[in-house]
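Quick notes on the structure that follows.
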Amino acid sequence: MARTAVLGLPRVGPDRELKFALESHWAGESSQEELLEVAARLRAEAWQRARAAGIDVIPSGDFSLYDHVLDTAFGLGVIPERFGPAQDADLGTYFAMARGGDGVRPLEMTKWLDTNYHYLVPELSPGQAFHLRADHWVDQLLEARRLGIATRPVVLGPLSFLLLSKGLDRPLDLLDELCSVYVQLLHRLAHAGATAVQIDEPVLVQDRTPEELEHFARTWRGLARATSLELTLSTYFGAVDLEPLADLPFAELHLDLVRAPEQLEPALAALRGTGRRLSLGIVDGRNVWVTDHDRALDLVDRAIAALGTEHVTIAPSCSLLHLPYEAARETGIDPEVRSWLAFTAERLTELRTLADAADATPERRDELLARPREAVQSRRASARTNDRRVRDRVAALTPSDYDRASPAPERRRLQHERTPLPELPTTTIGSFPQTPEIRRARRDRRAGVLSEEEYEAFIERQIADVIAFQERIGLDVLVHGEPERSDMVEYFGQQLEGFAFSEHGWVQSYGSRCVKPPILYGDVSRPGPMTVRWWRYAQSLTSKPVKGMLTGPVTILQWSFVRDDQPRSETCTQLALAIQDEVRDLEAAGCFAIQVDEAALREGLPLRRADQAAYHRWAVDCFRLTTAPVRDDTQVHTHMCYSEFNEMMDDIIRLDADVLSIEASRSDMEVLDAFAERGGYPNDIGPGVYDIHSPRVPDADEIERLLELAEARIGRERLWVNPDCGLKTRRWEEVEPALRAMVEAAQRRRARTAAPA
Ligand code: GLN
Ligand code: ZN
């Protein structure tokens, strides 16, 4: 009988118990013992649930108090000097690496491959030494055993560890030495009673050079020779280059067949008759839709026919870390839509069903598959996933729908005529502090404590305050402050057709931080204006222009669970048209400047270079489609929260936004070099002049210096003055002096002759 396996489980707890335990511990309100007790309970419950669901191979060591890459760095002794001597490192050190403390900078954080999960980037230094601390893996293994559950420890592999680290130009020079530490770890695990270990090497699905693969293969052989444990080489999020991996000594190879089903046949050919197992990643660990069991079983049948049932494992495509706990709990979601959803609990059931169906008689198979077939069928046929009007509108698009009427210089002249702005116009990115008062009002409205009228009056007062504040300090282009938005994606999703929202669907983003992604299940359209009312009110209070503020289609797509029954580009086009409707309505209401935020444009980039060109094309097209219909004298702004533009420069240019604001203060304006090169970026640009991620308040001198640097790079004429990002996470005590300093710096620069560009 084919076995079932899970590569990793969610760890925050069905009600985010880990988050609350961590935060209370960090606040000094609970002891380390209390925190560790909660963690142990969450692990025990997760293992027990997996066993109850009939999962054969249950993971351990995947649970983390903060992040599994940090666990690995900590366990290998990769602890930068600023955190104190490695041999003294304790839980306090671990959290200091994650969050900083006492003036010590934490490790950097970045996205885990192409997911929305963030890991802490290990820092390697020249002459890096490794020291094993195996407790993390050994303790969890023993803990599960005490509950009577045999587990398979999960370890992030040495290749991925090194390539996901920073600090060395040639990190793989350390691979051989690092592998000897992994050998010790395997010994410790074998000694503690493990029989198998899962070694994750997700970097194998990225472009790797033949030398890297060759080096990896050599060290893997060494690893396998040194241990008696069964090794599972596990890869996910895409296709691997099978050829150099296929004859490595592993007991099992795990492939992501959701993202890359084409890997199956070559893998079967390579493993046939070798006595090694293939682990089929056939239920989606990254998305929430009920598995098409027939399609999945087709892969299983082929694998069993080629390898024999004892050599086939049925598994999710990747760790279930990226899914919420249980769809059945979401009683607030329409039952039809809910029947299409599968979170972790449902995925475990699916694995069992698939394994049972794999060697059932045809009649029994029909019985087992009746329910999931119904769900898949209902989703396919539902009117919610097929809205004629939306489909017709997309089908009728022509190339000119993606272009503004005139080229940028002409538009800029007309915009200047319509609304003259001073040199170095000052503005902000959109949000102002989300105070406890604002959050309370939202809560009270949900609870029915505030009536709709009371709530709206409250929001209007917030807007009025923010407008008055901006006038007082002398900003040129104002914003309404976004007090009505809890989140820049959720706010729009809630007003669009085609979205559902879960109540408990939390997914870990990093550490104690969780997100609850909207679920985009159907054809998307906009029943009515979403922001015009607030914009109109804000504009009625001032003679200065107030920017309209929208979230772009790529960012909405990127931060939601989206349908998998059509290409992402198609869903994104529907989103673009829905946001375009809002753009048109804002313009018709008299809005001069409309900002469409695309914070996640770069995140959506596929892992393999070969797939990137197509993404660049459709993602930028969707932005253009969103903004194209506005008149020449309407000013389109966009904002992006990062500063690495080198590989994105062509996209940025092609967005053709009249004004682009970006993160720049932490790089000392160096990012502008990318904009100055190659004949220069033609449109206006607002490099962030101070870092809003820090509570530190900048003074006018330092902002003036940054502006001077910016002028030297791109000239004054197209330069705007704004912070790095929205101000929602800051407090008023920080925002007021910082923005005053910003305005003063701009005024001082205006009084001086421009630095020569
Ligand atoms: N307009 C949004 C804000 O100011 C943009 C946020 C973002 O870029 N992440 O909060
Ligand atoms: Zn931003």
Side-chain angles (χ1 to χ4, degrees), residues 110-119 159-160 163-164 200-210 212-213 216 234-245 254-267 280-282 284-287 289 295 299 316-319 322 394 402 517 520 552-576 598-625 640 642 644-655:
T110 195
K111 297 245 166 190
W112 173 241
L113 296 119
D114 64 353
T115 71
N116 285 334
Y117 174 84
H118 300 71
Y119 75 94
L159 183 75
S160 297
L163 291 174
L164 295 173
D200 283 0
E201 289 290 13
V203 300
L204 289 172
V205 311
Q206 296 172 308
D207 295 314
R208 299 266 73 99
T209 65
E212 287 171 336
L213 290 172
F216 169 70
S234 125
T235 67
Y236 37 82
F237 303 154
V240 298
D241 196 354
L242 260 181
E243 161 71 29
L245 304 179
H254 175 82
L255 298 176
D256 182 340
L257 300 178
V258 172
R259 282 277 179 92
E262 71 281 3
Q263 299 185 99
L264 180 65
E265 288 305 328
L280 313 173
I282 46 175
D284 199 339
R286 291 284 297 276
N287 213 336
W289 310 108
R295 196 151 65 185
L299 304 183
S317 57
C318 59
S319 167
H322 310 286
V394 170
Y402 293 80
L520 192 169
V554 184
T555 301
I556 297 180
L557 182 85
Q558 205 50 37
W559 291 350
S560 303
F561 284 119
V562 303
R563 53 197 298 185
D564 61 352
D565 56 352
Q566 66 185 16
R568 291 170 76 78
S569 55
E570 186 135 342
T571 307
C572 200
T573 304
Q574 295 183 359
L575 284 163
E598 283 293 19
L601 186 68
R602 204 182 59 136
E603 285 174 18
L605 204 60
L607 292 169
R608 291 272 189 182
R609 271 188 293 276
D611 305 325
Q612 291 175 356
Y615 171 77
H616 286 295
R617 194 168 338 104
W618 66 253
V620 173
D621 279 351
C622 284
F623 179 88
R624 291 175 63 102
L625 178 61
M640 277 155 215
Y642 42 84
E644 286 137 51
F645 286 98
N646 290 317
E647 50 192 296
M648 296 280 295
M649 215 49 217
D650 294 328
D651 293 341
I652 302 295
I653 293 175
R654 214 163 69 75
L655 290 176

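Just so you know, residue 1 is the first one in the sequence shown, and it goes up from there. The basis for the numbers below is simple: all heavy atoms, side chains too, and nothing from hydrogens, waters or symmetry mates.
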Discussion item. Determine whether Phe237 and Thr115 satisfy the following criterion, side-chain contact (heavy atoms from CB on, under 4.5 Å), listing intermediate values before the conclusion.
Written reply: CA-CA 9 Å; Phe237 303 154; Thr115 71; 3.6 Å; yes
Worksheet item: Shortest non-hydrogen contact from Trp289 to Arg563?
Response: NE1-CA, 3.6 Å
Discussion item. Given 3.5 Å as the limit, does a donor-acceptor pair link the side chain of Gln263 with the main chain of Asp256, or not?
Written reply: yes
Item to complete: Could you tell me which residues satisfy side chain to side chain contact (heavy atoms under 4.5 Å, CB included) with Glu243, sequence neighbours excluded, listed by chain and number?
Response: Asp241
Practice prompt. Find out whether Asp651 and Arg602 are in side-chain contact, i.e. whether some heavy atom of one side chain is under 4.5 Å from a heavy atom of the other.
Written response: no
Discussion item. Could you work out, with side-chain hydrogen bond (donor to acceptor under 3.5 Å, both in side chains) as the rule, every residue matching Tyr236, not counting sequence neighbours?
Written reply: Asp200
Worksheet entry | Results of ring pair (Phe, Tyr, Trp, His ring centres under 6.0 Å) for Trp618 - residues two or more places apart only | Tyr615
Worksheet item: Just wondering, do Val203 and Glu201 contact through their side chains at under 4.5 Å, heavy atoms?
Response: yes
Discussion item. If you compare all heavy atoms of Leu242 against all heavy atoms of Ala267, which two are closest, and at what distance to 0.1 Å?
Written reply: CD1-N, 3.5 Å
Worksheet, complete the sentence: Sequence neighbours excluded, the answer for side chain to side chain contact (heavy atoms under 4.5 Å, CB included) partners of Thr235 is Leu204, Val205, Val240, Leu255
Worksheet entry | Sidechain-backbone polar pair: Glu212 side chain, Thr209 backbone, donor-acceptor under 3.5 Å | yes
Item to complete: Could you tell me which residues satisfy side-chain hydrogen bond (donor to acceptor under 3.5 Å, both in side chains) with His254, sequence neighbours excluded, listed by chain and number?
Response: Ser279
Worksheet item: What residues, two or more places apart in sequence or in another chain, satisfy side-chain hydrogen bond (donor to acceptor under 3.5 Å, both in side chains) together with Gln566?
Response: Arg391, Thr571
Discussion item. Which residues pass the salt bridge (Lys or Arg N to Asp or Glu O under 4.0 Å) test with Glu265, not counting sequence neighbours?
Written reply: Arg302
Practice prompt. Kindly give the heavy-atom pair with the smallest separation between Ala260 and Gly238, and that separation in Å.
Written response: CB-C, 3.9 Å
Worksheet item: How would you list, by chain and number, every residue that makes a ring pair (Phe, Tyr, Trp, His ring centres under 6.0 Å) with His118, sequence neighbours excluded?
Response: Tyr510
Worksheet item: Minimum heavy-atom separation for Ala619 to Leu601, with atom names?
Response: CB-CD1, 3.9 Å
Worksheet item: Are any non-hydrogen side-chain atoms of Leu520 and Leu575 less than 4.5 angstrom apart?
Response: yes
Fill in: Residues that Arg608 engages under side-chain hydrogen bond (donor to acceptor under 3.5 Å, both in side chains), provided they are two or more places apart
Asp207
Worksheet, complete the sentence: For Leu605 and Glu647, the nearest pair of non-hydrogen atoms, with its separation, is CD2-OE1, 3.5 Å
Practice prompt. State whether the side chain of Glu598 and the backbone N or O of Thr555 hold a donor-acceptor pair below 3.5 Å, judged by distance alone.
Written response: yes
Discussion item. Would you compute the distance between atom CG of Leu557 and atom CD of Gln574 and round it to the nearest 0.5 angstrom?
Written reply: 10.5 Å
Fill in: Heavy-atom closest contact (Ala576 atom, Cys622 atom, distance)
CB-O, 3.4 Å
Fill in: Gln558: partners by side chain to side chain contact (heavy atoms under 4.5 Å, CB included), with sequence neighbours left out
Arg568, Ala600, Glu603
Worksheet item: What pairs with Arg654 under side chain to side chain contact (heavy atoms under 4.5 Å, CB included), at least two apart in sequence or on another chain?
Response: Arg617, Val620, Asp621, Arg624
Fill in: Side-chain ion pair, Arg259 and Asp114, N-O less than 4.0 Å
yes
Worksheet item: Between CE of Met648 and NE2 of His616, what distance do you get to the nearest 0.5 Å?
Response: 6.5 Å
Discussion item. For a 4.5 angstrom cut-off between non-hydrogen side-chain atoms, does Arg208 reach Phe216?
Written reply: no
Item to complete: Please identify each residue that fulfils ring pair (Phe, Tyr, Trp, His ring centres under 6.0 Å) with Tyr119, with sequence neighbours left out.
Response: Trp112
